[in-house]
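Data block below; observations after.
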Amino acid sequence: MEILKIENLSKIYGKGETAVKALDNVSFTVQKGEFVAIIGPSGSGKSTLLHLLGGVDRPTSGKVFIDNTDIYDLDETQLAIFRRRQIGLIYQFYNLIPVLTVEENITLPILLDGQKVDQNHYSQVVDTLGLEERMGHLPNQLSGGQQQRVSIGRALINNPAIILADEPTGNLDSENSKEIIDLLKLFNKTYNQTLIMITHDERIALQADRIITIKDGQIAKDEVVRP
Ligand code: ADP
Ligand code: ADP
């Protein structure tokens, strides 16, 4: 089943002489449960692509369909709701809210939506992440690896259609990196959670099902690593 389709996606920052074409007519599809690594040189357009897939920024032209919804056809309010329910974002520097506890950070996408937390799903996510003992802590009381696990919890809490991760291990040592990648792979393989991840680390990219290489805002290569 096709979970993501992007069509002729372009993004130009700025106008006139100083305009930068960050993404140039990119199209591809992703099947539900796929683990896709996005690689490429610095400045090639990887983060721009991920932001457009995540509904964080609007494209200059082109379309993004997530689970058959044309996300840029939604107005700002609808898009914010769609994002909280269907897109899980994981960043290099965690982006946790410092004054909220671990539990509050993880359940934030549900609380902002005015919904009730599904306790079974919540417990399952928290147990898998090994955060049971940390629910009342604030982010700055946790190690980097633990903070990234909290951000994975927040990304997964709504059972989103896709998880988008931008260099999720970029700020971690090798031991914590391995732990974070193993957790993301566990959710990908066990729960068929679609995962799209930017990485600079070739060893991590080689663990994906598919590697897309971006160069100068275009797809330079799209290789299946394991079918
Ligand atoms: P990558 O993630 O591969 O390093 P980016 O998507 O961050 O690449 O950037 C692609 C190009 O777009 C670069 O030339 C970058 O300088 C430019 N760019 C990114 N964000 C902005 C912005 N907000 N305003 C202007 N130019 C930007
Ligand atoms: P890691 O090797 O996983 O990065 P650290 O060496 O940073 O872990 O931390 C070891 C333990 O100390 C962790 O369980 C972490 O939760 C705890 N810890 C780290 N910093 C703080 C802090 N500022 N307050 C309370 N506990 C902390």
Side-chain angles (χ1 to χ4, degrees), residues 3-30 34-66 70-72 74 76 79-80 82-83 86-96 144 147-148 151-152 154-155 160-172 174 176-177 180-181 184 188 194-225:
I3 198 80
L4 170 75
K5 176 163 80 173
I6 73 173
E7 280 180 357
N8 306 110
L9 205 59
S10 293
K11 177 72 183 182
I12 299 170
Y13 292 109
K15 281 197 165 68
E17 304 250 303
T18 57
V20 175
K21 195 163 207 174
L23 216 55
D24 186 6
N25 208 30
V26 169
S27 302
F28 62 89
T29 61
V30 173
E34 253 191 302
F35 171 12
V36 182
I38 311 254
I39 65 170
S42 180
S44 58
K46 303 182 297 296
S47 295
T48 299
L49 173 62
L50 211 72
H51 285 153
L52 293 178
L53 300 185
V56 178
D57 198 2
R58 284 186 182 262
T60 306
S61 59
K63 286 182 185 293
V64 174
F65 296 89
I66 295 175
D70 180 349
I71 67 168
Y72 292 110
L74 302 174
E76 286 304 322
L79 181 58
F82 186 86
R83 229 174 19 226
Q86 298 298 351
I87 299 164
L89 277 163
I90 300 170
Y91 298 96
Q92 181 172 354
F93 296 105
Y94 327 127
N95 283 22
L96 300 174
Q147 290 187 57
Q148 194 59 300
S151 95
I152 293 174
R154 180 183 54 190
I162 54 174
I163 294 279
L164 303 173
D166 193 346
E167 291 278 352
T169 63
N171 195 41
L172 299 175
S174 57
N176 277 297
S177 292
I180 290 300
I181 296 301
L184 289 170
N188 170 245
T194 310
L195 175 62
I196 302 177
M197 183 193 298
I198 296 177
T199 183
H200 277 115
D201 187 331
E202 196 192 9
R203 288 162 306 174
I204 293 176
L206 287 169
Q207 297 178 55
D209 303 319
R210 172 178 170 196
I211 303 177
I212 294 178
T213 308
I214 306 287
K215 266 195 194 131
D216 298 328
Q218 297 183 321
I219 296 183
K221 244 194 256 176
D222 186 347
E223 313 158 272
V224 174
V225 183

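Just follow the structure's listing: the first ligand is 1, and inside any ligand the first atom is 1.
- The protein reaches atom 25 (C) of ligand 1 closely, with a heavy atom under 4.0 angstrom from it.
- The closest protein non-hydrogen atom to atom 22 (C) of ligand 1 is Tyr13 CD2, 3.4 Å.
- Taking 4.0 Å as the cut-off between side-chain N and carboxylate O, Glu76 and Arg83 do not count as a salt-bridged pair.
- Within ligand 1, counting atoms from 1 as listed, the ones closer than 4.0 Å to a heavy atom of Lys46 are 1 (P), 2 (O), 3 (O), 4 (O), 6 (O), 8 (O).
- Contacts with ligand 1 closer than 4.0 Å are made by heavy atoms of both the backbone and the side chain of Thr48.
- There is a side-chain donor-acceptor pair under 3.5 Å between Asp24 and Gln218.
- Between Gly43 and ligand 1, a contact under 3.5 Å exists for at least one N or O pair.
- The two residues Ser151 and Tyr94 come nearest to each other via the heavy atoms CB-O, 3.6 Å.
- Close to ligand 1: Ser42, with a non-hydrogen atom less than 4.0 angstrom away.
- Residue Pro41 approaches ligand 1 through these ligand atoms, each under 4.0 Å from one of its heavy atoms: 3 (O).
- Remark: Asp216 pairs with no residue by the salt bridge (charged side-chain N to carboxylate O under 4.0 Å, His left out) rule, at least two apart or across chains.
- The main-chain N or O of Leu52 is never found under 3.5 Å from a side-chain atom of Asp57 such that the two would form a donor-acceptor pair.
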#### Entry: Criterion side-chain contact (heavy atoms from CB on, under 4.5 Å) on Lys21 and Thr60, from CA distance to verdict
CA-CA 10 Å; Lys21 195 163 207 174; Thr60 306; over 6 Å; no
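- For ligand 1, the polar-atom distance check against Gly45 finds a nitrogen or oxygen pair separated by under 3.5 Å.
- Put simply, the residue from Thr199, Ile90, Ile198 that forms a side-chain contact (heavy atoms from CB on, under 4.5 Å) with Asp166 is Ile198.
- Each of the atoms 1 (P), 3 (O), 8 (O) of ligand 1 lies under 4.0 Å from some heavy atom of Ser44.
- Distances below 4.0 Å separate heavy atoms of Ala22 from the following atoms of ligand 1: 10 (C), 11 (C), 12 (O).
- Protein heavy atom at the shortest distance from atom 7 (O) of ligand 1 is Ser47 CB, 3.8 Å.
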